[in-house]
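All heavy atoms count here, side chains included; hydrogens, waters and symmetry mates do not.
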Amino acid sequence: MKELIKKNDAYKAFLSLRHALLKCTDDRYESENFYELLAKTKKDALAGDPIAQDFLSYLYKSGVDYFLHENYTKYIDWSFLAGANGNAFAIEKLQFLFSYAYDTIVEDKDFGLIKYLNNIDEYNYIGIIGQVICDELVKELNLTPELVDKLPDKHEGINSSSFTGIRKSIDAIIPKVIERMKSRD
């Protein structure tokens with residue numbers, strides 16, 4: 001797994017991209033700047049850049065007026081990829097989905113061993129455990145940047161069945177996360 005990018009560093013890089021987005025969406029009739037930014041961000045995300053992956057997640061979460069549809073599947077998938085690639089800011093934003101998984105892992109009878117083997121403390125556990133959760137979800141869902149990028153750019157809001165599917169996937173990977181973290185070398 002990649003080393004975690006500190007949350008503040010990832011956040012600063014995210015803000016820089018968001019600033020560029022705001023500049024290029026000032027005028028909805030001048031779309032070429034937005035599509036240039038989107039193409040560059042996609043290129044970086046496809047190359048495994050977790051900052052670009054998180055920014056794409058942000059773009060798809062609510063869409064971009066006049067330019068890009070909201071797409072919940074792409075939002076979540078890019079978030080998982082960014083987290084698996086070590087973006088601590090992306091991982092922190094996924095806490096709303098992972099709270100049950102964190103609780104289950106922390107309450108595991110072998111959590112002391114997990115903490116020791118993974119150098120976990122009260123300040124870094126969200127990032128360290130979250131990265132492993134994201135990595136296991138990427139495997140479980142067979143996600144690759146190429147596959148996520150090829151999903152259609154159509155409007156797709158959140159619905160209960162997609163949320164239920166994600167929750168089932170998280171439930172399925174919790175034992176894998178625990179075993180993986182107990183056997184770390």
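- Here the straight-line distance linking atom OG1 of T41 with atom CG of L56 works out to 6.0 Å at 0.5 Å rounding.
- N87 places a side-chain N or O within 3.5 Å of a backbone atom of P50 that can act as its donor or acceptor partner.
- In terms of heavy atoms, Y102 sits closest to G130 at OH-CA, 3.3 Å.
- Rounding to the nearest 0.5 angstrom, the gap separating the OH atom in Y35 from the CZ atom in F67 is 6.5 Å.
- Side-chain N or O atoms of D49 include none that pairs as donor or acceptor with a backbone N or O of A45 at under 3.5 Å.
- A salt bridge links K176 with E140: the closest approach of a Lys/Arg side-chain nitrogen to an acidic carboxylate oxygen falls below 4.0 angstrom.
- Using a 4.5 Å heavy-atom threshold, the side chains of F34 and V64 count as touching.
- Put simply, L147 and L143 are part of two different groups of oily side chains (I, L, V, M, F, W, Y) that touch within less than 4.5 Å, one to the next.
- Hydrophobic clustering keeps I76 apart from L46 (ILVMFWY residues linked when any side-chain heavy atoms are closer than 4.5 Å, directly or through intermediates).
- In the hydrophobic clustering of ILVMFWY residues, with side-chain heavy atoms under 4.5 Å counting as a link, F163 and I174 come out together.
- N85 and Q53 form a side-chain donor-acceptor contact under 3.5 Å, judged by distance and modelled atom types alone.
- Contact of the Y58 side chain with the L17 side chain is not registered, since no non-hydrogen atoms from C-beta on lie closer than 4.5 Å.
- Residues D77 and K74 fail the side-chain proximity criterion, which asks for heavy atoms closer than 4.5 Å.
- Side chain to side chain, S57 and D54 fail the donor-acceptor criterion of an N or O pair below 3.5 Å.
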Exercise for review: Please step through side chain to side chain contact (heavy atoms under 4.5 Å, CB included) for the pair I126 and Q95, ending with a clear verdict.
Suggested key: CA-CA 8 Å; I126 289 173; Q95 283 185 76; 3.3 Å; yes
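- S162 contributes no side-chain N or O that, together with a main-chain N or O of I158, makes up a donor-acceptor pair within less than 3.5 Å.
- Counting heavy atoms of neighbouring residues, nucleotides and ligands inside a 6.0 Å radius, atom NZ of K2 exceeds 12 of them.
- Within 6.0 Å of CD in E146 there are more than 12 heavy atoms belonging to other residues, nucleotides or ligands.
- Between A10 and F89 the shortest heavy-atom distance is CB-CB, 3.7 Å.
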Review point. Yes or no on side chain to side chain contact (heavy atoms under 4.5 Å, CB included) for I166 and F80, after CA distance, side-chain angles and deciding distance?
Key: CA-CA 11 Å; I166 291 166; F80 291 163; 4.1 Å; yes
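- With rounding to the nearest 0.5 angstrom, the CD1 atom of I105 is 14.0 Å from the NZ atom of K115.
- More than 12 heavy atoms of other residues, nucleotides or ligands sit less than 6.0 Å from atom NZ of K182.
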**Study point:** Chi angles and distances behind the side chain to side chain contact (heavy atoms under 4.5 Å, CB included) call for W78, D149
**Key:** CA-CA 9 Å; W78 282 120; D149 185 50; 4.3 Å; yes
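- The shortest heavy-atom contact between V177 and V132 is CG1-CG1, 3.8 Å.
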Review point. Does the side chain to side chain contact (heavy atoms under 4.5 Å, CB included) test come out yes or no for E156 and E70, once each step is laid out?
Key: CA-CA 6 Å; E156 181 188 308; E70 167 190 11; over 6 Å; no
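- Counting all heavy atoms, side chain and backbone alike, S169 lies closest to L141 at OG-CD2, 3.4 Å.
- Each of D121, I133, L4 was checked for a side chain to side chain contact (heavy atoms under 4.5 Å, CB included) with I128, and the lone residue meeting it is L4.
- Here the closest heavy-atom approach between residue I91 and residue G127 is recorded as CD1-O, 3.6 Å.
- Around atom NZ of K139, more than 12 heavy atoms belonging to other residues, nucleotides or ligands sit under 6.0 Å away.
- Taking CZ from R18 and CG from L59, the interatomic distance works out to 11.0 Å, rounded to the nearest 0.5 Å.
- Between L113 and L117, some side-chain heavy-atom pair lies under the 4.5 Å cut-off.
- Closest approach of L21 and T25 over heavy atoms only: O-OG1, 2.9 Å.
- Cation-pi contact between K93 and F14: present, with separation from the ring centre below 6.0 Å and deviation from the ring axis of at most 45°.
- Within a 6.0 Å sphere centred on OH of Y72, heavy atoms belonging to other residues, nucleotides or ligands number more than 12.
- Put simply, NZ on K109 and CD1 on I178 are 9.5 Å apart, with the number rounded to the nearest 0.5 Å.
- Put simply, the side chain of N71 gets close to the backbone of K154: a donor and an acceptor are under 3.5 Å apart.
- Taking 4.0 Å as the cut-off between side-chain N and carboxylate O, R180 and E136 count as a salt-bridged pair.
- Within 6.0 Å of the NZ atom in K42, the count of heavy atoms belonging to other residues, nucleotides or ligands exceeds 12.
- A 6.0 Å sphere centred on OH of Y116 holds no more than 12 heavy atoms belonging to other residues, nucleotides or ligands.
- In this structure, Y125 OH and I120 CD1 are separated by 10.5 Å, a value rounded to the nearest 0.5 Å.
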